[in-house]
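Structure record follows, encoded as structure tokens.
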Amino acid sequence: MKAALIQLNAGDDPAANLPRTTELIAQAAGQGAGFVLTPEVTNCVSQNRQHQMDVLQHEDADQTLKSLREAAIQHDIWISIGSLALKTDDVDGRFANRSFLIDPAGRIVARYDKIHMFDVTVSDSETYRESAGYRPGEQAVVADTPFGKLGLSICYDIRFAYLYRALAQAGAEVLLVPSAFSPVTGAAHWEPLLRARAIETGSYVLAAAQTGTHAAAIGKSRKTYGHAMAVSPWGEVLADLGPEPGIGLVDLSSAEVSQSRKRIAALSHDRAFEGP
Ligand SMILES: O=C(O)CNC(=O)[C@H](CS)NC(=O)CCC(=O)C(=O)O
């Protein structure tokens, strides 16, 4: 199976982002991809709550979700929408940061709400409080496909190794990490984190990404790191998209997964211990 990573420079206008996303999906399908992955917040990169209240939709009315389901049918491909920012009915008014897996019939076969919230002070001038805007999920998700079992995750989740271990031990062979990483932490940590999760679990890691300076009509614009990346189950970097929007293709083979897990069977060597 050929998988395609998509790297986007989405702004805060979902209607303007959508045609650029569908164009890259068409390009990936045209180059033979049967599985296309988009980054975190594919529909809207915004740090302004009022603007998000104005432009975000509930899941059943979201145009990006609707169009990408149609794209899956049109191109006869699987699509992982890394995430959509969506309104919910929660009493606290927070949004969902929700990932979707779409099959070639356009059906939603899995959903995942980001579990770990990016509440971090990166530097004096750069603070994130994701949990103020988004309600975290509580359910880890794996999904069966004809090209292997997928383990779903989003961005900051990458720093919590036990999640990926749990996904792989539940049978996942391909771990998805759609992201909108900060430039500072991306330069310091992105590649080693992705490679570590692949090595620890003997799984493919596929990480679509947001990149560049994100246009914001309202509020301040945000920058992300880019470098959408695919890592083999042995830990090799198979693709690194650098800083520009675009696509990257990689071949997935479940034989590679079983071979690395045979060489280093750490996934089945857990031991119970006491302490510390
Ligand atoms: O804000 C939104 O609309 C969607 N959420 C995100 O983009 C989130 C929270 S700001 N980004 C990350 O998790 C980056 C993690 C990261 O950079 C790291 O772990 O170092």
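Each ligand, and each atom within it, is numbered from 1 in the order the structure gives. All residue numbers refer to positions in the sequence shown, counting from 1. For the numbers below, each heavy atom of this structure counts, side chains included, while hydrogens, waters and symmetry mates do not.
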Min side-chain heavy-atom separation S46-Q52 under 4.5 Å:
yes
Just wondering, do F100 and L65 contact through their side chains at under 4.5 Å, heavy atoms?
yes
Nearest-neighbour protein heavy atom for atom 3 (O) of ligand 1, which is reported as residue plus atom name and distance:
Y134 OH, 2.7 Å
In terms of residue, atom name and distance, what is the protein heavy atom nearest to atom 5 (N) of ligand 1?
E130 OE2, 3.0 Å
Atom pair CG/CZ of L163 and R197 - distance to nearest 0.5 Å
9.5 Å
Check: R159 N/O within less than 3.5 Å of ligand 1 N/O:
yes
Cationic N near anionic O, under 4.0 Å, R135 to D92:
yes
Answer whether the closest heavy-atom distance between the side chains of T21 and T64 falls below 4.5 Å.
no
Quick one: which ligand 1 atoms are inside 4.0 Å of a heavy atom on N97?
4 (C), 5 (N)
Looking only at protein heavy atoms, which one is nearest to atom 16 (C) of ligand 1, and what is the separation?
F118 CZ, 3.3 Å
What protein heavy atom is closest to atom 17 (O) of ligand 1, reported as residue, atom name and distance in Å?
S182 N, 2.9 Å
So the atoms of ligand 1 within less than 4.0 Å of a heavy atom of T185 turn out to be 16 (C), 17 (O), 18 (C), 20 (O)
Applying ring-ring contact (aromatic ring centres under 6.0 Å, His included), which residue pairs with at least one partner in residues 132-151 are found, sequence neighbours left out?
F35-F147, W78-F147
What one should report as the nearest heavy-atom pair of R69 and R107 is NH2-CA, 4.2 Å
For C155, atoms of ligand 1 separated by under 4.0 Å from a heavy atom:
11 (N), 12 (C), 13 (O), 14 (C), 15 (C)
E40, portion touching ligand 1 at heavy-atom distance under 4.0 Å:
side chain
Is Y128 in polar range of ligand 1, meaning some N or O pair under 3.5 Å apart?
no
Heavy atom of R222, distance to ligand 1 below 4.0 Å:
yes
Spatial distance of atom CG (L5) from atom NE2 (H227) [nearest 0.5 Å]
13.5 Å
Within ligand 1, which atoms have a heavy atom of V41 less than 4.0 Å away?
3 (O), 4 (C)
Please determine whether the number of non-hydrogen atoms from other residues, nucleotides or ligands lying under 6.0 Å from atom CD1 of I264 exceeds 12.
no
Report yes or no: does a heavy atom of K114 sit under 4.0 Å from some atom of ligand 1?
yes
